[in-house]
Each structure stands twice: as C-alpha cells, then as structure tokens.
Protein chains: 2
Amino acid sequence: MRALVVEDEAAVAEDIRAALHAAGFVVDIAPDGRDAWFAGDVEDYDIAILDLGLPQLDGLSVLKRWRAADRLFPVIIVSARGDWTERVEGINAGADDYLGKPFEMGELIARVRGLLRRAAGRGSSVLAVGPLRIDSQRMTAELNGVPVRLSPLEFRLLDYLAHSPARAVSAMELADHLYGAADTTDSNAIEALVARLRRKVGAGLITTRRGFGYMLGDSG
Amino acid sequence: MRALVVEDEAAVAEDIRAALHAAGFVVDIAPDGRDAWFAGDVEDYDIAILDLGLPQLDGLSVLKRWRAADRLFPVIIVSARGDWTERVEGINAGADDYLGKPFEMGELIARVRGLLRRAAGRGSSVLAVGPLRIDSQRMTAELNGVPVRLSPLEFRLLDYLAHSPARAVSAMELADHLYGAADTTDSNAIEALVARLRRKVGAGLITTRRGFGYMLGDSG
DNA sequence: GCGCCGCTGACATCCGGCTGACGGCCGACG
DNA sequence: CGTCGGCCGTCAGCCGGATGTCAGCGGCGC
C-alpha cells in the first residue's frame with residue numbers, strides 16, 4: 001500500500017510517516033500544496049493524508065483539483081482548526097474522512113484501514129479469501145486457522161492483492177505499490193516473492209493470469 | 001489498440017512503450033517531430049502520447065498539423081512540469097489531455113483508457129455486447145455472467161471489436177492494430193485467433209462479413 | 001456448380017513465468 | 001566485533017500456455 005502524506009510541519013509529517021511505515025505502507029511526503037497536487041496527480045496512491053493549512057496552495061484546493069482530475073483515492077483531511085464548517089467543506093470537496101488535530105497515531109491508522117477496506121468493497125477488517133484470513137491490522141495471516149509466518153514484503157503483497165478484488169494485478173503495479181515509484185526494476189523479484197508466498201499459503205490461492213498479472217482466488 | 005509515442009529521450013520512450021505494451025497496446029515510437037508528423041499522418045493510431053520538447057519540429061506544431069489534416073485520434077500531451085500557458089496552448093491546439101513530467105506510468109495508462117473510452121462514446125469501462133460483458137479495465141470478459149478465460153491477444157481482439165461499434169473490421173486492420181504496421185503478414189493468424197475466440201465466447205457473437213471483416217453481434 | 005475466402009484441428013515454436021540455488025545485506029546475539 | 005540466520009534480489013534453466021503455420025475442408029457468392 002502506498003500513501004501520500006501532505007503536511008508542511010516536518011516533525012508531524014515524520015511522525016505520520018513513521019506510523020504508516022510501521023503499518024506496512026510505502027510513504028511519500030509532500031511539504032506544500034503545489035507538491036501535493038503534483039504528486040497526487042502523477043503518482044498512484046492508495047490513500048492520502050491531507051493537512052489543510054499549507055503553503056503554496058490550500059489543502060482544499062488540492063483536494064478539489066485531484067477530484068476534478070478523477071483522482072479517486074481515499075483522502076483523510078487533517079486540520080488544526082476544529083471548525084465545523086471546514087469539515088463540511090472538506091466533505092463537499094471530496095474528502096472521505098476528517099480528523100482534528102491533535103490526534104492519536106493509532107486512530108489515524110485505524111481510519112486509514114477503514115477507508116482502504118471500504119475502497120476495496122469489503123466490510124470486515126479481516127479479509128478472507130478461501131481458507132486464508134488476512135488481518136491487516138495485526139499484519140498476520142492464517143491458513144485454515146493456523147497462523148502463517150510471512151515476511152513483511154510477502155504480507156504486503158498478499159494484502160495488496162486482497163484489496164484488489166476480482167482483478168489481475170500486474171507485476172509492474174505490484175512493484176509500484178510495494179516499493180514506490182522510483183525504481184523501474186525489470187527483474188523477476190515479484191515472481192520470486194510470489195513463489196515464496198505460494199510455498200507458504202498454498203499454490204492454489206494465488207492465480208496467475210498469463211500476460212495479465214496475479215489475483216487471489218481463481219474465479220474471473 | 002495501437003499507440004504512437006512521440007518522445008526524443010530514448011529511455012523515457014522505452015518506459016512508456018513498456019507500460020503501454022503491458023497494458024495491451026502495440027506501440028510505435030517517433031523520436032522527433034518530423035517522424036511523429038509523418039507517422040501520425042500515414043498510420044492509423046488509436047491514441048498518441050506527445051512530448052512537446054522535440055527536435056526537428058515542435059510538438060505543438062505536430063499536433064496542429066495532425067488536426068489540420070483531420071487526424072482525430074486522441075492525443076495526450078506530456079511536458080516538463082509547470083507551465084500553465086503551455087497547457088492551455090496544448091488544449092487549444094487540439095490535445096485531449098495533458099500530463100506533466102515526471103509522471104507515473106499507471107497514471108498515463110489510466111488517462112489513455114479514459115480517452116479511449118470517451119472516444120468510443122461510452123461512459124463506463126465495461127462494454128456489453130449481447131450476453132457478453134467486456135471490462136477493459138480489469139481485462140476480463142464474462143459470458144452470461146460467467147467469467148471467460150481469454151489470452152492476451154484474444155482479449156485485445158475482442159476489445160478492439162467492441163470499440164468499433166456496428167462496423168466490420170478487416171483482418172488487415174486487426175493485424176495492424178494488434179501487431180503493428182511493420183509486418184505485412186499474409187498469414188491466417190487472425191483467422192486462427194478468431195476461431196479460438198469463437199470457441200470461447202460462442203460462435204454467434206462474432207460475425208464474418210465475407211470480403212469485409214469481422215464484427216460483434218450480428219445485426220448491421 | 002465452381003472457385004475462392006475463410007474455418008479448423010494438428011503441430012511447431014516461442015516466450016512469459018516458475019523454480020531452486022546463490023549471495024549480499026542487515027539486524028540479533030554472544 | 002564476529003558469527004548466524006532470515007530476507008530478498010539475481011541468475012540460469014526448465015515448463016507449459018499462447019500463438020503462428022500448415023494443409024485440408026466447407027460453404028458462400030456468383
């Protein structure tokens with residue numbers, strides 16, 4: 001999962017980054033509105049945390065521009081001014097959630113997870129695919145009720161697939177969301193990762209659609 | 001689907017080519033404005049990605065010449081970050097979308113799909129033809145609600161037919177768009193492909209107009 | 001009824017994707 | 001500080017599905 005954090009105060013940005021990173025996200029930070037707009041327009045994020053008070057370009061404007069450009073990833077607005085009208089404005093501009101400062105990192109993570117769940121069209125916080133249960137909260141997985149020990153990358157790959165229902169996800173997209181955009185590796189790292197995952201969760205769970213990508217389950 | 005990438009920087013061009021190819025496109029690359037103008041004038045593209053900073057002939061001029069010659073395929077302008085005036089100029093010259101550098105490949109693909117959808121006069125990425133539903137986003141097809149497993153080429157052929165409403169598409173045109181112009185193969189590869197497709201989606205869905213080509217459905 | 005275009009099933013080939021092995025890197029631990 | 005073990009990217013070779021080719025058949029249009 002890839003997240004964009006828009007926050008001008010470096011210390012706060014770093015706190016959020018750390019929390020998200022610990023929760024298994026790849027994080028980009030945009031320190032001002034202009035960078036934020038650009039990054040959100042150009043990169044492929046799963047979610048954005050957006051501070052409203054920003055230099056260069058106001059947070060609400062950033063959000064509106066994203067939405068106008070059909071950038072539909074979930075956005076959580078974070079703001080110091082606990083203003084009620086502001087909240088409404090945020091929602092109207094296309095925000096999916098609102099969090100007043102100061103806030104607990106735990107709450108932020110929880111809301112992020114909730115939004116991702118909704119975006120994936122799932123109700124429960126524990127995703128189930130066949131005999132496999134994936135708990136993104138605890139970063140654990142169970143096969144037939146038996147805990148499976150997964151490495152961080154393995155888990156994130158599995159988690160990303162689980163959040164992309166009924167869709168084949170290409171190796172390129174996976175690399176993008178697991179590593180971030182920077183490296184255009186044309187290696188078989190993803191294939192190797194998938195192989196190791198299959199060895200742990202059973203070969204049948206991850207289907208390869210030749211020429212398209214990977215998906216969980218086998219229908220479709 | 002066939003795309004023209006106009007980009008003088010070989011590495012960038014290659015990245016774009018790879019991404020488009022992974023998304024199921026046949027890609028031609030034009031390294032300068034002159035080549036671009038010629039290729040767009042002579043070949044039959046479904047979309048073009050146009051860099052503005054070009055040797056020989058400026059990108060905007062290329063676009064204007066295409067439009068002046070009634071070459072109406074959608075064009076996405078790609079340009080170094082920042083300049084609003086440039087963006088306006090681009091739109092005025094007949095561009096359909098604008099993307100600042102650097103950009104995320106996934107973003108490019110999404111916009112390309114959006115434009116093609118609009119070009120086909122549809123709102124959704126899911127096309128329905130008789131009992132068949134084609135989702136070009138997920139690259140899946142369903143027959144009466146049952147997923148059909150198609151190979152990459154099969155899917156692209158089907159997708160192309162679906163985007164050519166009520167029209168017979170010749171084998172030559174199909175070969176052109178599935179493989180690229182270069183090879184003037186006088187083989188029956190397309191026929192074989194169609195045969196395999198028919199076996200999977202039902203013979204009635206793809207009609208042959210003897211001497212003209214193939215079309216989806218049977219009316220017209 | 002004739003001829004040609006197009007269809008099919010079989011076969012060859014080719015390429016994407018899988019695997020097992022290897023080694024670098026890094027953190028844990030003595 | 002050295003060693004150990006786990007994680008993970010890279011390599012090379014293999015496998016099987018995907019796709020082009022061929023040859024023969026069939027039916028559509030004249």
Side-chain angles (χ1 to χ4, degrees), chain A residues 21-22 24 26 139 141 148-161 168-180 182-215 218, chain B residues 17-19 21-24 26 139 141 148-161 168-180 182-215 218:
Chain A
H21 185 261
V26 175
M139 296 208 266
V148 184
R149 233 194 120 214
L150 299 180
S151 80
L153 260 191
E154 287 163 2
F155 181 81
R156 282 197 272 153
L157 172 35
L158 195 60
D159 189 50
Y160 189 76
L161 283 183
V169 182
S170 73
M172 222 184 82
E173 181 180 342
L174 283 172
D176 204 31
H177 286 256
L178 292 182
Y179 305 130
D183 61 73
T184 50
T185 318
D186 62 341
S187 75
N188 69 345
I190 295 293
E191 292 167 25
L193 205 51
V194 169
R196 284 169 188 136
L197 244 183
R198 279 187 175 134
R199 215 171 296 151
K200 291 186 181 176
V201 302
L205 270 176
I206 304 175
T207 311
T208 303
R209 320 215 49 192
R210 209 165 223 262
F212 298 107
Y214 301 98
M215 58 185 298
D218 48 19
Chain B
R17 195 204 57 70
H21 183 261
V26 175
M139 301 213 267
V148 184
R149 246 194 110 224
L150 299 180
S151 80
L153 259 192
E154 288 162 1
F155 182 81
R156 281 196 271 155
L157 173 37
L158 193 61
D159 191 49
Y160 189 76
L161 284 183
V169 181
S170 73
M172 222 186 82
E173 181 180 342
L174 284 172
D176 210 31
H177 284 260
L178 292 180
Y179 306 129
D183 61 74
T184 49
T185 318
D186 59 342
S187 77
N188 69 345
I190 294 292
E191 292 166 23
L193 202 51
V194 169
R196 285 172 188 133
L197 242 184
R198 280 187 173 134
R199 213 173 299 151
K200 290 186 180 177
V201 302
L205 268 175
I206 303 175
T207 313
T208 303
R209 313 247 79 168
R210 213 159 223 270
F212 295 95
Y214 302 97
M215 57 184 300
D218 46 21

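All of these numbers come straight from a predicted model, not from anything done at the bench. Labels below follow one simple rule: chain letters A, B, ... track the order of the sequence lines, proteins then strands, and each chain is numbered from 1. Below, each value reflects all heavy atoms present in this structure, side chains not excepted, and no hydrogens, waters or symmetry copies.
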Can you tell me how far C1' of D:dA18 sits from CZ of B:R156, to the nearest Å?
-> 12 Å
Hey, does B:Y214 have a side-chain heavy atom less than 4.5 Å from the side chain of B:E173?
-> no
Between B:L197 (CG) and C:dC7 (P), how many Å, whole number?
-> 12 Å
Rounded to the nearest Å, what distance is computed from the CD atom of residue B:E191 to the P atom of nucleotide C:dC5?
-> 11 Å
Proximal nucleotide (of D:dA18, D:dG9, C:dT8) relative to the A:Y179 side chain | D:dG9
Nucleotide nearest B:A195 (side chain, heavy atoms from C-beta), chosen from C:dT8, D:dT21, C:dT19 | C:dT8
Atom-to-atom span, CG of B:L153 to P of D:dT21 - whole angstrom | 12 Å
Between atom CD1 in B:I190 and atom C1' in D:dG20, what is the gap in whole Å?
-> 11 Å
Let me know which of A:L158, A:V148, A:L205 forms a side-chain contact (heavy atoms from CB on, under 4.5 Å) with A:K200.
-> A:V148
From the options D:dT21, D:dC7, D:dC8, select the nucleotide whose nearest atom is closest to the side chain of B:A192.
-> D:dT21
Between D:dC7 (P) and A:E154 (CD): distance, integer Å | 7 Å
Is the distance from OP1 or OP2 of C:dG16 to the nearest side-chain N or O of A:T208 less than 4.0 Å?
-> no
Side chain of A:S151 only, please: which of C:dC18, C:dA10, D:dC7 is the nearest?
-> D:dC7
Hey, is the side chain of A:R196 pairing donor to acceptor with the base of D:dG9 inside 3.5 Å?
-> yes
Reckon B:R198 touches a base, only the sugar-phosphate, or nothing at all at heavy-atom distances under 4.0 Å?
-> sugar-phosphate
Test for a donor-acceptor pair under 3.5 Å between the base of C:dG6 and the side chain of B:R210, counting only N and O atoms.
-> no
Should B:S187 be listed as having a side-chain N or O under 4.0 Å from OP1 or OP2 of D:dT21?
-> yes
Hey, what do you get for CG (A:L157) to CZ (A:R196), rounding to the nearest 0.5 Å?
-> 12.0 Å
Between CZ of A:F212 and C1' of C:dG17 the distance, given in whole Å, is 15 Å
Starting at CZ of A:R199, measure out to CD of A:E154 and round the result to the nearest 0.5 Å.
-> 9.5 Å
Atom CG of A:L174 and atom P of C:dG17: how far apart are they, to the nearest Å?
-> 12 Å
Side chains of A:L178 and A:L193: closer than 4.5 Å at any heavy-atom pair?
-> yes
Name the closest nucleotide to the A:N188 side chain, picking from D:dG20, D:dC11, C:dC7.
-> D:dC11
Check every strand shown and say whether B:L193 touches a base, only sugar-phosphate, or nothing at a heavy-atom separation below 4.0 Å.
-> nothing
Assign A:Y214 to base, sugar-phosphate, or nothing according to its heavy-atom contacts below 4.0 angstrom with the strands shown.
-> sugar-phosphate
